[in-house]
There are 2 protein chains.
Amino acid sequence: MKASAKTPNAYSAQCPTRQILDRVGDKWAVLILLLIRHEPMRFNALRRTIEGISQKMLSQVLKSLERDGLIKRRAIATVPVTVEYSITPLGATLADAVDPLRDWAEKNLKEVLNAQRRYDAARKDMAA
Amino acid sequence: MKASAKTPNAYSAQCPTRQILDRVGDKWAVLILLLIRHEPMRFNALRRTIEGISQKMLSQVLKSLERDGLIKRRAIATVPVTVEYSITPLGATLADAVDPLRDWAEKNLKEVLNAQRRYDAARKDMAA
DNA sequence: CTGGATCCACACGGATACTG
DNA sequence: CAGTATCCGTGTGGATCCAG
């Protein structure tokens with residue numbers, strides 16, 4: 001994909017923050033991370049708990065998290081096969097780094113929603 | 001969009017964290033936030049600095065950040081119009097909450113990349 | 001200079017069916 | 001149970017042209 005040739009160069013592209021932000025921004029990745037943060041979970045358990053996720057996405061995200069060394073996959077050769085996903089030490093530190101964001105979200109979401117309403121109201125006035 | 005009817009209900013949907021995570025995960029939002037964190041910037045300045053972004057995306061993200069009350073738009077009626085974007089107090093606190101993530105990224109990106117290489121190597125062996 | 005509007009390609013992601 | 005493979009609709013985002 002010639003990522004080195006014409007990449008934007010700037011402030012943005014290969015910046016570590018950006019890459020991690022992309023991971024964190026993933027619709028499901030962090031959610032999964034937080035779910036298995038304290039106890040391992042099986043594939044369908046995750047599927048059921050999250051519920052909004054398709055099995056395609058789940059398996060895809062799990063694979064990419066495993067690839068990043070953030071979670072660990074452990075297949076147990078039982079009769080109908082059991083697979084257990086658990087967080088790695090590395091993944092745990094990432095989960096920790098996400099915590100401030102959760103705090104911020106819980107504290108400030110209301111204010112964000114207010115801002116949105118104000119903004120929308122102002123725009124509506126323009127229209128009228 | 002009947003968001004309340006059949007929404008996944010679970011752990012995921014209307015959770016504040018999720019909503020903020022989506023914002024943070026936005027490819028450009030946080031980047032912009034960090035860029036104007038200490039000094040206001042004009043539209044084209046941002047455009048040039050980020051460089052990978054299209055004008056459509058930039059204007060779109062700026063609008064959504066403004067709507068969320070995270071940045072402030074200030075139009076100055078000069079000859080060819082000048083617009084200055086600056087961070088709000090609310091936006092500043094979000095930027096602060098993102099810092100741990102930046103730290104984590106800078107500290108651990110290498111390890112993540114290593115994990116990726118190991119993973120890929122292992123898979124390649126499977127193929128061969 | 002700062003965008004809005006439009007057109008369009010392509011990747012993302014859901015639904016479904018099938019396998020080990 | 002834990003996935004993979006396929007088909008396919010849709011949203012996302014780039015390119016371009018135009019306007020205040």
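Throughout, protein chains are lettered first and strands after them, A, B, ... in sequence-line order, and every chain is numbered starting at 1.
- Taken from CZ in A:R123 to CZ in B:R67, the straight-line distance is 10.0 Å, to the nearest 0.5 Å.
- Contact between the side-chain N/O atoms of A:Y85 and the OP1/OP2 oxygens of D:dC1 is not found at any separation under 4.0 Å.
- Across the protein-nucleic acid pair, A:F43 atom CZ and D:dT4 atom P stand 8 Å apart, rounded to whole Å.
- Considering every non-hydrogen atom in both A:L94 and B:L101, the closest pair reads CD1-CD1, 3.9 Å.
- Following rounding to the nearest Å, B:D26 (CG) and C:dC12 (P) show an atom-to-atom distance of 15 Å.
- Rounded to a whole Å, the CG atom of B:N44 is 10 Å from the C1' atom of C:dG3.
- Here C:dT2 is the nucleotide among C:dG14, C:dT2, D:dG13 with the atom lying nearest to any side-chain atom of B:R42.
- Residue order along DNA chain C, read from the 5' end via each residue's closest nucleotide, puts A:S54 first among A:P80 and A:S54.
- A sub-4.0 Å separation between OP1 or OP2 of D:dG3 and a side-chain N or O of A:S59 is absent.
- Near DNA chain D, meaning a heavy atom under 4.0 Å from it, residues 62-73 of chain A has A:K63, A:R73 in order of number.
- Not a single donor-acceptor pair, N or O on each side, falls under 3.5 Å between the base of C:dT2 and the side chain of B:E84.
- Contact annotation: side chain of B:Q55 to base of C:dG4, donor-acceptor pair present below 3.5 Å.
- Rounded to whole Å, atom P of C:dT2 lies 18 Å from atom CE of B:M57.
- One atom, CG of B:L58, and another, P of C:dG3, lie 8 Å apart when rounded to the nearest Å.
- Side chain of B:K56, nearest nucleotide from C:dT6, D:dA2, C:dG13: C:dT6.
- Counting atom types as modelled, B:Q60 pairs no side-chain N or O with a base atom of D:dT12 as donor and acceptor under 3.5 Å.
- Rounded to whole angstrom, the span from the CH2 atom of A:W28 across to the P atom of C:dG13 amounts to 9 Å.
- When rounded to the nearest whole Å, the span between CZ of A:R74 and C1' of D:dG3 equals 18 Å.
- Scanning all heavy atoms of the two residues, the minimum distance from B:G69 to B:T88 falls at O-OG1, 2.6 Å.
- Annotation: side chain of B:R74 is in contact with side chain of B:I76 (closest heavy-atom distance under 4.5 Å).
- With a 4.5 Å cut-off on side-chain heavy atoms, A:K72 and A:E66 do not count as touching.
- One hydrophobic cluster holds both A:L70 and A:L34 under the rule that ILVMFWY side chains link at heavy-atom gaps under 4.5 Å.
- Rounded to whole Å, the distance from CD1 on A:I53 to C1' on D:dA2 is 14 Å.
- The closest side-chain heavy-atom distance from A:V83 to A:R73 is below 4.5 Å.
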